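These numbers were taken from a predicted model, which means no experiment stands behind them.
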Amino acid sequence: MVKKFTEEEALAFHMHPRPGKFDIAASVPMSTQKDLSLAYSPGVAVPCQRIAEEPGQAYDYTNKGNLVAVISNGTAVLGLGNLGALASKPVMEGKSVLFKRFADVNSIDIELDTEDPDAFCAAVRLMEPTFGGINLEDIKAPECFIIEQRLKEEMDIPVFHDDQHGTAVICAAGLINALHISGKDIADVRIVLNGAGAAGIACLELLKAMGATPDNCIMCDTKGVIWQGRTDGMNQWKSAHAARTDARTLAEAMDGADVFLGVSVRGAVTQDMVRSMARDAVIFAMANPDPEITPEDVHAVREDVIVATGRSDYPNQVNNVLGFPYLFRGALDIQARAINDEMKIACAEALAALAREDVPDEVAVAYGRQLKFGRDYIIPTPFDPRLIWRIPPAVARAGMDTGAGRRPIVDMDGYEKQLLARMDPTSSILNGIFARARARQARMIFAEGDDLRVLRAAIAYHRDGLGESIVVGREPDIRQKLAAEGLESAMRHLSIVNAATTENLDTYKEFLYARLQREGYDGADIHRLAARDRHVFAALMLAHGHGDAMVTGATRKSAHALDLINHVFDARPQDGAVGITAVLSGNRIVLIADTLVHEWPDQNDLANIACRGADVARALGLTPRVAFVSFSTFGYPVSERAEKMHLAPQVLDARNVDFEYDGEMTVDVALNPQAMRAYPFCRLTGPANVLVVPARHSASISVKMMQEMAGATVLGPILTGLDRPVQIASTGMGPSDILKMAAIAACDMA
């Protein structure tokens with residue numbers, strides 16, 4: 001289970017590096033006078049005239065076709081109630097970045113300061129030329145029903161209230177599979193829903209559209225069953241689902257029921273209610289943050305019940321992020337006028353079908369366990385990489401079949417490949433690293449306890465549920481530093497070890513003297529290293545099993561930190577140590593090696609580096625394709641400095657390795673498929689994702705240039721080849737980057 005965050009962490013996340021959660025970047029060059037002339041006056045007049053003549057061409061010449069507005073008035077913000085428009089902005093920004101992260105849909109948040117449905121609708125309707133779709137969010141009932149229905153009638157682009165339909169779609173997907181496992185038909189089952197708000201009503205409406213028998217569906221609210229003839233607390237939306245039944249309470253309704261759906265409050269369902277349900281019952285307790293009944297309480301009285309909740313720390317999470325990004329992706333790509341029931345059902349069915357398939361290895365690795373279709377896995381995980389290219393096509397097909405799309409997709413295979421290219425590997429790779437680290441629960445040694453950045457990373461490591469944080473330092477100093485930042489209460493998250501007072505110091509010194517006595521070190525030297533140098537002391541702790549992994553280097557140059565580690569471990573070029581840096585930019589990830597250990601490797605060293613790079617690639621969930629890069633390509637131009645890059649593949653030929661490799665080649669040939677086509681004999685089946693470079697200086701230059709000029713995300717250098725997992729942070733890293741290095745160390749990619 002992920003540990004809860006603090007208020008300070010939440011506020012810092014939204015404040016740094018800049019206030020808010022997203023920026024806006026140009027998608028076209030804006031560097032020359034001609035660029036500016038094309039982007040604005042006079043060049044912009046040409047597409048303006050085309051759109052005036054044919055409005056549909058706005059999808060061709062503007063970002064309308066990939067732009068969704070997330071709109072709220074803040075009257076029902078999460079579980080916090082009516083906070084108002086301005087206070088809802090952090091939530092709406094968050095929704096916008098989820099659109100981008102999961103489906104590459106551009107999104108802008110808009111907060112409207114009105115509770116008048118007429119004024120709200122008028123404002124949204126006037127913005128129709130700007131957007132390809134409208135996502136309504138956190139609007140209280142019954143106004144949300146009024147607003148959505150009116151806007152759907154008056155606007156010619158999709159209008160979607162995610163609080164209603166997002167939950168309904170994922171709930172439907174899970175129920176399809178739950179009924180599949182229990183051997184029941186949706187037309188025959190008795191369904192009880194508790195919570196007659198926006199989400200509850202949408203869930204029942206969608207299930208009825210999918211074949212649930214209306215007479216078998218009972219809706220309940222805080223006053224009990226909504227039955228035909230009830231007048232207390234009713235409205236037109238509840239009345240539409242009033243049932244012909246003698247049941248008046250939730251307990252009576254659940255007696256003999258096959259399915260319970262909860263979008264209500266914690267504790268609404270008791271164990272006696274669970275006992276009364278039919279065999280192989282289904283319970284979706286979706287109240288957040290605490291479900292109507294926990295899976296533990298259900299399974300304490302019934303083992304045959306399939307349970308889903310809205311929480312990530314239980315199996316079968318009903319998570320809206322599985323739905324809305326991909327619904328809009330498919331709708332936008334056919335220039336849909338609306339998202340209709342058929343498109344929502346197609347989304348639910350595609351999600352259900354995906355969960356029944358074998359789960360990719362990278363997903364299983366990321367979650368630290370094998371996921372297999374069954375009672376504890378009926379809904380795909382949010383980080384399943386197949387979602388982006390499996391769900392939108394299903395939505396698009398349904399939209400085209402029902403006439404909702406303006407522009408049908410002719411080449412569906414080509415469309416799926418385009419969607420695959422939209423995948424952003426950064427988040428999925430980082431999520432995989434943290435999930436595996438969480439599963440390992442490594443005792444992490446943070447060597448530099450006198451540095452506030454390291455202390456923040458150590459606190460986060462424990463709070464995030466990754467394992468125990470062991471900090472090397474003096475407790476009074478650490479307490480003082482944390483107190484100055486208002487973090488003194490976080491001391492309880494740290495296990496502090498003082499090198500000068502530890503009971504293991506003599507053992508460490510004896511070990512270190514045995515290693516270094518023939519390298520010119522006497523007893524006094526050994527004492528200084530073991531008792532006063534935190535890097536060496538942390539490495540000694542790790543060597544003796546007093547921790548499972550370590551991270552250091554935030555306060556020392558990497559080369560210096562590596563030299564200190566070499567006092568305890570064998571981390572020199574001849575020992576097989578290699579530094580691999582992952583560079584993530586746009587939708588691509590490339591590993592560059594060696595960025596830490598080898599100053600000027602020969603062809604044999606380069607072959608070793610390639611093997612280490614391939615191992616790290618696999619650890620990150622990639623299929624390794626290694627390119628030995630140089631300024632020459634396959635022998636031209638001839639140069640003595642390129643010769644070793646030419647010979648290194650021949651070394652691998654003799655080793656009979658199990659990954660793709662070739663070289664020497666220039667970087668553009670390695671990474672650009674069109675450039676690679678000029679060399680049909682090249683053994684790489686696609687762009688390289690591991691680049692082995694001639695020397696450490698060229699590796700460092702390449703990484704830092706990508707980081708500074710292209711804004712690439714950099715992970716590493718990842719130190720591999722040691723007996724124990726050690727990672728070296730860089731001096732410029734902040735707490736979040738140090739935390740990533742700790743997570744990498746916990747994963748033990750060596």
Distance-only, no hydrogens or angles: does the [X] side chain make a donor-acceptor pair with backbone N or O of [Y] under 3.5 Å?
X: Lys100; Y: Ser107; answer: no
X: Glu342; Y: Ala398; answer: no
X: Glu292; Y: Ala287; answer: yes
X: Arg329; Y: Ala103; answer: yes
X: Arg190; Y: Ala278; answer: no
X: Asp464; Y: Leu466; answer: no
X: Arg311; Y: Asp290; answer: no
X: Ser182; Y: Leu179; answer: yes
X: Lys238; Y: Gly233; answer: yes
X: Arg386; Y: Val359; answer: no

Give a yes or no on whether a salt bridge exists between [X] and [Y], defined as a side-chain N under 4.0 angstrom from a carboxylate O.
X: Lys184; Y: Asp280; result: no
X: Asp333; Y: Arg407; result: no
X: Arg230; Y: Asp221; result: yes

Inset, instruction - For the residue pair Phe102 and Tyr326, categorise the inter-ring angle as parallel (less than 30°), tilted (30 to 60°) or perpendicular (more than 60°). - result: perpendicular

Legend entry - Parallel, tilted or perpendicular: ring planes of Phe160 versus His165, cut at 30 and 60 degrees: tilted

Looking at [atom1] of [X] and [atom2] of [Y], how far apart are the two atoms once the value is rounded to the nearest 0.5 Å?
X: Ile201; Y: Asn235; atom1: CD1; atom2: CG; value: 6.0 Å
X: Ile218; Y: Glu252; atom1: CD1; atom2: CD; value: 10.0 Å
X: Glu357; Y: Arg390; atom1: CD; atom2: CZ; value: 4.0 Å
X: Thr167; Y: Phe324; atom1: OG1; atom2: CZ; value: 10.5 Å

Taking the side chain as every heavy atom from C-beta outward, state whether [X] and [Y] have any atom pair closer than 4.5 Å.
X: Lys372; Y: Tyr377; value: no
X: Phe260; Y: Leu250; value: yes
X: Thr309; Y: Asn316; value: no
X: Phe120; Y: Leu136; value: yes
X: Leu332; Y: Leu67; value: no
X: Val307; Y: Tyr314; value: no
X: Ile379; Y: Gln317; value: no

Indicate the atoms forming the closest heavy-atom contact of [X] with [Y], along with that distance.
X: Asp109; Y: Ser96; value: N-OG, 3.5 Å
X: Arg375; Y: Asp304; value: NH1-O, 2.7 Å
X: Ala198; Y: His161; value: CB-CE1, 4.2 Å

For atom [atom1] of [X], is the number of surrounding heavy atoms from other residues, nucleotides or ligands below 6.0 Å larger than 12?
X: Glu296; atom1: CD; value: yes
X: Asp358; atom1: CG; value: no
X: Asp156; atom1: CG; value: yes
X: Arg266; atom1: CZ; value: no

Inset, instruction - Establish, from distance only, whether the side-chain atoms of Asp138 and Ser72 form a donor-acceptor pair under 3.5 Å. - result: no

Inset, instruction - Please check if any side-chain donor atom of Asn73 sits under 3.5 Å from a side-chain acceptor atom of Thr75, or the reverse. - result: yes

Inset, instruction - Start with the C-alpha gap between Ile283 and Met277, add the side-chain angles, then the distance that decides, and say whether side chain to side chain contact (heavy atoms under 4.5 Å, CB included) holds. - result: CA-CA 10 Å; Ile283 293 178; Met277 296 181 73; 3.9 Å; yes

Inset, instruction - Show your working on side chain to side chain contact (heavy atoms under 4.5 Å, CB included) between Leu261 and Leu207 and close with a plain yes or no. - result: CA-CA 11 Å; Leu261 306 177; Leu207 294 179; 3.5 Å; yes

